[in-house]
Amino acid sequence: MIKRIIYKKKILAIIINLTKFKKKGVHFTSPKHFTKQVGIINFNKNHLIKPHTHIKYLRKIHRTSEVLFITKGLLRVDFYKGNKKYLYSKILKKNDIIILNEGSHGFKILKNCSMIEIKQGPFIKSLDKRRFQSINEKKIKIKK
């Protein structure tokens, strides 16, 4: 249902499988300190969520985080240490959500894939992203 990807006591990512998440109510899967708060919400018909407004206040964010929701296909996520050294890979499928929080990552589409990506903005490519060489395909390790 929810799996944390941890390296040296830091949460690199959280993977949520929606097909197995059936709890009623509001359940946030990300820790309160994450810059992306992802909640799974399940209510019965006629449940009322009271109107509300979000209060404006200044937040300081040090890096871009992102959330991917896989709607179709298979996606391999390759995890790297901050110094670009490959760690291992995970396979995501339809109805999986991943919150990418720390470290580095790359992707390979394994089966025609559609996904929704959510990240904070504004996004400035030159400030938000630095590309590097991906791992040799022969060295890929899929972690369960």
Side-chain angles (χ1 to χ4, degrees), residues 1-45 47 49-50 52 54-144:
M1 174 165 36
I2 297 174
K3 178 155 181 72
R4 290 180 177 210
I5 308 300
I6 298 173
Y7 178 73
K8 290 194 175 182
K9 298 183 181 179
K10 290 191 177 193
I11 302 171
L12 302 181
I14 297 174
I15 299 172
I16 306 125
N17 182 282
L18 285 180
T19 58
K20 297 177 182 175
F21 204 99
K22 303 296 181 195
K23 288 184 189 175
K24 294 289 182 208
V26 178
H27 303 279
F28 277 84
T29 58
S30 48
K32 291 180 189 228
H33 69 276
F34 270 34
T35 59
K36 288 284 170 290
Q37 296 296 301
V38 176
I40 310 300
I41 303 170
N42 289 310
F43 288 119
N44 291 329
K45 182 180 176 179
H47 179 86
I49 297 172
K50 290 184 180 181
H52 60 280
H54 294 270
I55 301 166
K56 182 178 178 178
Y57 76 95
L58 185 63
R59 289 178 171 95
K60 191 171 186 177
I61 298 172
H62 297 282
R63 74 174 59 86
T64 301
S65 62
E66 54 194 322
V67 176
L68 299 175
F69 173 43
I70 312 305
T71 59
K72 177 179 124 180
L74 285 177
L75 176 72
R76 187 185 77 212
V77 182
D78 302 327
F79 292 97
Y80 297 82
K81 294 182 197 178
N83 65 1
K84 305 170 190 160
K85 185 176 185 309
Y86 174 73
L87 294 169
Y88 52 82
S89 302
K90 298 287 282 179
I91 305 294
L92 301 182
K93 59 191 176 312
K94 180 180 178 177
N95 289 325
D96 280 344
I97 296 173
I98 186 166
I99 307 165
L100 293 157
N101 186 58
E102 293 220 23
S104 301
H105 52 268
F107 307 101
K108 181 167 185 183
I109 307 300
L110 300 178
K111 186 177 176 185
N112 290 354
C113 191
S114 295
M115 60 186 114
I116 297 167
E117 179 178 5
I118 301 163
K119 60 186 168 196
Q120 71 262 28
F123 183 77
I124 303 165
K125 196 173 189 176
S126 63
L127 297 176
D128 279 298
K129 191 180 281 190
R130 185 173 302 125
R131 297 191 187 275
F132 56 91
Q133 189 64 40
S134 59
I135 185 74
N136 180 324
E137 288 289 319
K138 293 177 185 172
K139 296 182 180 182
I140 296 295
K141 304 177 280 194
I142 306 297
K143 190 171 180 181
K144 294 284 180 184

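The structure places CZ of R76 at 10.0 Å from CD1 of I109, a figure rounded to the nearest 0.5 Å. One distance of note links CG of N17 with CD1 of I70; it measures 11.5 Å at 0.5 Å rounding. For the atom pair I140 CD1 and E137 CD, the distance stands at 5.0 Å (nearest 0.5 Å). Here the straight-line distance linking atom CD1 of I97 with atom CD1 of I116 works out to 9.0 Å at 0.5 Å rounding. In this structure, OG in S104 is found 9.0 Å from CG in L12, a value given to the nearest 0.5 Å. To the nearest 0.5 Å, atom OG1 of residue T29 and atom CD1 of residue I16 are 3.5 Å apart.
Looking at T71, its side chain does come within 3.5 Å of a backbone N or O of S114 through a donor-acceptor pair.
Enclosure of atom NZ in K24 by more than 12 non-hydrogen atoms of other residues, nucleotides or ligands within 6.0 angstrom is indicated. In this structure, N112 places its CG atom where only 12 or fewer heavy-atom neighbours from other residues, nucleotides or ligands lie under 6.0 Å away.
The shortest distance between side-chain heavy atoms of F79 and I135 does not fall below 4.5 Å. Within the 4.5 Å cutoff, no side-chain heavy atoms of D78 are placed close to those of S134.
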| request: Report the C-alpha separation of I5 and V77 in whole Å, then their side-chain angles, then the decisive distance to 0.1 Å, and conclude whether the side chain to side chain contact (heavy atoms under 4.5 Å, CB included) test is met. | output: CA-CA 11 Å; I5 308 300; V77 182; over 6 Å; no
| request: Run the numbers on Q133 and K84 for side chain to side chain contact (heavy atoms under 4.5 Å, CB included), then give the verdict. | output: CA-CA 9 Å; Q133 189 64 40; K84 305 170 190 160; over 6 Å; no
| Criterion side chain to side chain contact (heavy atoms under 4.5 Å, CB included) on N101 and I14, from CA distance to verdict | CA-CA 8 Å; N101 186 58; I14 297 174; over 6 Å; no
| request: Apply side chain to side chain contact (heavy atoms under 4.5 Å, CB included) to the pair F69 and N95, showing each step before the final yes or no. | output: CA-CA 7 Å; F69 173 43; N95 289 325; 4.1 Å; yes
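Between H54 and H52, the ring-plane angle classifies as perpendicular under the 30° and 60° cut-offs.
Here E117 pairs with K119 under the salt bridge (charged side-chain N to carboxylate O under 4.0 Å, His left out) rule; sequence neighbours left out. In this structure K81 satisfies the side-chain hydrogen bond (donor to acceptor under 3.5 Å, both in side chains) test together with Y7, sequence neighbours excluded. Residues passing the side-chain hydrogen bond (donor to acceptor under 3.5 Å, both in side chains) test with R4, sequence neighbours excluded: none. Partners of Q37 under the side-chain hydrogen bond (donor to acceptor under 3.5 Å, both in side chains) rule, at least two apart in sequence or in another chain, do not exist in this structure.
Across Q120, K36, H105, a single residue satisfies side-chain hydrogen bond (donor to acceptor under 3.5 Å, both in side chains) together with E66, and that is H105. Screening L75, D96, L74 for a side chain to side chain contact (heavy atoms under 4.5 Å, CB included) with I91, the sole residue that qualifies is L74.
A salt bridge (charged side-chain N to carboxylate O under 4.0 Å, His left out) check over residues 120-134, counting only residues at least two apart or in different chains, returns nothing. Screening residues 125-144 for ring pair (Phe, Tyr, Trp, His ring centres under 6.0 Å), with sequence neighbours left out, gives Y80-F132.
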